[in-house]
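Take a look at the structure set out below.
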Amino acid sequence: MSDSDTIVLAISLQKGGVGKTTTAINLGAALAERGFRTLIIDLDPQGNASSGLGVRPPEDAPTIAEVLRREETLDSIIEPTAEKNLFVAPAPTGQALAEVEAQLVAEMFPQPRLKDAIDACRADWDYVLLDCPPTLGRLTVNAFMAADAVLAPVQCQYFALEGLRDLSEVVKQVRQALNPTLEIAHYLLTMSEGSKKLSSEVEAELRSAYGKKVFRSSIPYNVKLAEAPSMERSVLKHASTSKGALAYRDVAKELSHGRTPKAR
Ligand SMILES: Nc1ncnc2c1ncn2[C@@H]1O[C@H](COP(=O)(O)OP(=O)(O)OP(=O)(O)O)[C@@H](O)[C@H]1O
Ligand SMILES: [Mg+2]
């Protein structure tokens, strides 16, 4: 198996609270459950992907902030989770990641810092999921330079599709200047309330605009998904037969269709 069998996905939308981190954690956990070695890289200064899986680096421990500064290898900061095959590259607590972003803004040309760090250990992973912050700033651009594709979670709400316009524009700019094959390859409907008219309208609109790029399975509004982070585990462990767990398992099945974990 070659390094090209590793898939790096940036989970991104500049709108807050649409389910990016919930998707990183639970899609990651569902891929891991299928036997895929999966790494979640926490690129959000809020650090929710790390804490939601019980990973809290001590204050002086190196994190993704040092990796982006090219002071540490990605390998050296990766933490296991309580779930088999699922690992996290944590964000720092406090302001360190926001400070790194401010430094990145000073670069005349964005450097592929995250890409270089991932390339150095790419073969170790089947999937690398990048949990992006709710902005299209330099941390997200670094994620887009490193990613094979973008996965956009779309909350079943009014104006959901408008949010996709800015994302598409930035993806297009990164494709033209920095990462020629980048595209939004996947759209995932989140917090869907199937019985409500609004949810089905947003769903119909998204499917007619983006066709097969929209996962067939959508993620329902499910309170177990909201509870799981406080239990410091994925919904697959917190409530294994909940609708939320089943939905993320379905998405993992669609995403990994035809692939098998690398032999190790
Ligand atoms: N399908 C769902 N059902 C119920 N609650 C959900 C669902 N998805 C996410 N949530 C809850 O909604 C809130 C926002 O979700 P999440 O943190 O995943 O969004 P985000 O896009 O990562 O937010 P941010 O932009 O702040 O990083 C969280 O409290 C989460 O637990
Ligand atoms: Mg988040």
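Predicted, not measured: the structure shown is a model, and the values here were computed from it. Counting convention: from 1, in listed order, for ligands and their atoms alike.
- In terms of polar-atom proximity, defined here as any N/O pair under 3.5 Å, Val223 makes no such contact with ligand 1.
- In this structure, Arg259 forms a cation-pi arrangement with Tyr127, its terminal cationic atom sitting closer than 6.0 Å to the ring centre and no more than 45° off the ring axis.
- When only interatomic distances are considered, the shortest N/O to N/O separation between Gly17 and ligand 1 falls below 3.5 Å.
- When distances from atom 4 (C) of ligand 1 to the protein are checked, a heavy atom turns up under 4.0 Å.
- Residue Asn48 places no N or O, backbone or side chain, under 3.5 Å from any N or O of ligand 1.
- At under 3.5 Å, a nitrogen or oxygen of Pro220, whether backbone or side chain, sits near a nitrogen or oxygen of ligand 1.
- On a distance-only criterion, Gln46 and ligand 1 share at least one N/O pair closer than 3.5 Å.
- For atom 28 (C) of ligand 1, no protein non-hydrogen atom is found at a distance below 4.0 Å.
- By the 4.5 Å heavy-atom criterion applied to side chains, Val141 and Leu136 are not counted as neighbours.
- Residue contacts to the Mg ion (ligand 2): Thr22 brings no N, O or S atom closer than 2.8 Å.
- Judged by the shortest distance from any of its heavy atoms, Thr190 lies outside the 4.0 Å radius around the atoms of ligand 1.
- For ligand 1 and Leu225, the ligand atoms under 4.0 Å from any heavy atom of the residue are 1 (N), 2 (C), 31 (O).
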Derivation and outcome, salt bridge (charged side-chain N to carboxylate O under 4.0 Å, His left out), residues Glu33 and Arg249: CA-CA 9 Å; Glu33 193 181 69; Arg249 282 197 188 97; 2.6 Å; yes

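- When each atom of ligand 1 is checked for a heavy atom of Gly16 under 4.0 Å away, the hits are 25 (O).
- Interface of Val18 with ligand 1, defined as ligand atoms under 4.0 Å from a residue heavy atom, comprises 19 (O), 20 (P), 21 (O).
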